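To start, the structure itself, in structure tokens.
Heavy-atom basis, side chains included; hydrogens, waters and symmetry copies ignored. A, B, ... follow the sequence lines: proteins, then strands. Residue 1 opens every chain. Only a predicted model underlies this, so the values are computations on that prediction, with no experimental measurement involved.
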There are 2 protein chains.
Amino acid sequence: MVVKERVRPGGRSARIQASVHAAVDALLEQMDRAELTIPVIAERAGVTPSTIYRRWGNLGELLSDVAVKRLRPAAEPADTGTAKSDLLAWAEQYAEEMSSEVGRAMIRDVMASPTENNAERCCGYTYEQLQAISDRAEARGEAGLDVEAVLDLVVAPIMYRILFLAPPDVAHCRALVERALPGQGQKRGG
Amino acid sequence: MVVKERVRPGGRSARIQASVHAAVDALLEQMDRAELTIPVIAERAGVTPSTIYRRWGNLGELLSDVAVKRLRPAAEPADTGTAKSDLLAWAEQYAEEMSSEVGRAMIRDVMASPTENNAERCCGYTYEQLQAISDRAEARGEAGLDVEAVLDLVVAPIMYRILFLAPPDVAHCRALVERALPGQGQKRGG
DNA sequence: GGGATTAATGCAAATTTTTTGCGTTAGTGG
DNA sequence: CCACTAACGCAAAAAATTTGCATTAATCCC
């Protein structure tokens, strides 16, 4: 079931993995995920179902893999001038992306697999993004971020509310950031 | 798929639902959840598989229902004297229960169903527990809790770390509570 | 490079799960 | 007590999953 660091990751395996992932991506835009099955994916990918069963085990593991791949951030966090405004911009975008139906579905998929550590990888991406904001702040001469604290104070509440309560609005994101970085970098470092 | 508030909730339906739930509870202690299937549950419950398929749709929905039922707190939060120590005791127990393998599995199950709002219900239980601590505090003459703030500052970080990072230890729970209720009710209200 | 080795795939049969049509049972309302 | 109908049981059909074996193609070693 371990897809990464396979024993024989050469050409064919990688090609099939890419083909299957692409098939899932394409099919998720055409049909409801309730009617997405492994035979359907296999046909679209030009692969035998048994190949998918042997490599991923079941649909959940496959969707988990696809989701964690899609959750990887494409770019660095936007540079808005200060650590606080960077964090605010990042948090707002993060909340919006994760609140969407596809976002929630991806989170569910990532967490669905008990064996894989996809959830940890997903959090790792977040950690890297926050670290990037912190590093950039220090390069400017600002104070860096306590990334662990930001996880607790900003990221965790956003995720919790999306999953268990209701998607946080922009005002709430702002309040979370304000609590994490009280009175810091207000328009111009006071 | 809507199990609650059915059109005809009388004797038989309730009996079958209880039987199926009991079967799932019993089987989860005997076998790994990977080998738990609807036909197995049906046989144990003395019911036809098609009945389960028609009422719950699939295994995920059924497990979600069972999990949210098991996640309902059995008792009031312990009364330890002050709101802060109550909250700390509650948070430690919550973290420990949810960190366990069965706890994590239940959370996954609850979140797995896209249609049901089991996750919201689960959070509702937490809200009630926190509200009970708050009410008791006010009855004592203490200040009550800002439950929303506690959700953000204590519950959300615990859940986030369990799901995406690593289970929080007792010290971290204490730090979260300290951040939520700074310098309040320290052994004797200063 | 070239051949031996073997992980990974394709194929098809066997198994298991899921769906579906229809008769029966048992709550529900009059 | 009777009519009505939601929910169930049963069995056949359809679909998905597993599994054994032959084939393909990376990887390793020379």
Here the distance between atom P of D:dT17 and atom CZ of A:Arg55, to the nearest Å, is 18 Å
Note to self: Within the 3.5 Å criterion, strictly below it, is a donor on A:Ser85 or A:Thr82 matched to an acceptor on the partner's side chain?
What the structure shows: yes
query: Are more than 12 heavy atoms from other residues, nucleotides or ligands located less than 6.0 Å from atom CD of A:Glu96?
result: no
d(B:Gln17 CD, B:Trp56 CH2) to nearest 0.5 Å is 5.0 Å
D:dC10 OP1/OP2 closer than 4.0 Å to side-chain N/O of B:Thr48 = yes
Here the distance between atom P of C:dT18 and atom CG of B:Leu36, to the nearest Å, is 11 Å
request  = Mind checking B:Thr37 for me? I need base, sugar-phosphate or nothing, with any heavy atom below 4.0 Å counting as a touch.
outcome  = sugar-phosphate
Quick one: is B:Arg12 getting a side-chain N or O under 4.0 Å of the D:dC8 phosphate, OP1 or OP2? no
Between CD1 of A:Ile52 and P of D:dA15 the distance, given in whole Å, is 18 Å
Verify the contact: side-chain N or O of A:Ser13 to OP1 or OP2 of C:dA8, cut-off strictly under 4.0 Å; return yes or no. no
Query - Non-hydrogen side-chain atoms of B:Asp65 and B:Glu61 separated by less than 4.5 Å - result: no
Rounded to whole Å, the CG-P distance (A:Leu59 to D:dT18) equals 12 Å
Rounded to whole Å, the CD1-P distance (B:Ile41 to C:dT17) equals 11 Å
Quick note, A:Tyr53 side chain, CB onward, closest among C:dT18, D:dG9, D:dA16 is D:dA16
From CD1 of B:Ile16 across to P of D:dA6 the rounded distance in Å is 17 Å
Rounded to whole Å, the CD-C1' distance (B:Glu35 to D:dT18) equals 15 Å
On DNA chain D, more 5' by nearest nucleotide between A:Ser50 and A:Pro39 is A:Pro39
Quick one: is C:dG21 close enough that its OP1 or OP2 comes under 4.0 Å of any side-chain N or O from B:Arg54?
-> no
query = So, B:Asp79 and B:Arg140, do they make that salt bridge, N to O below 4.0 Å?
reply = yes
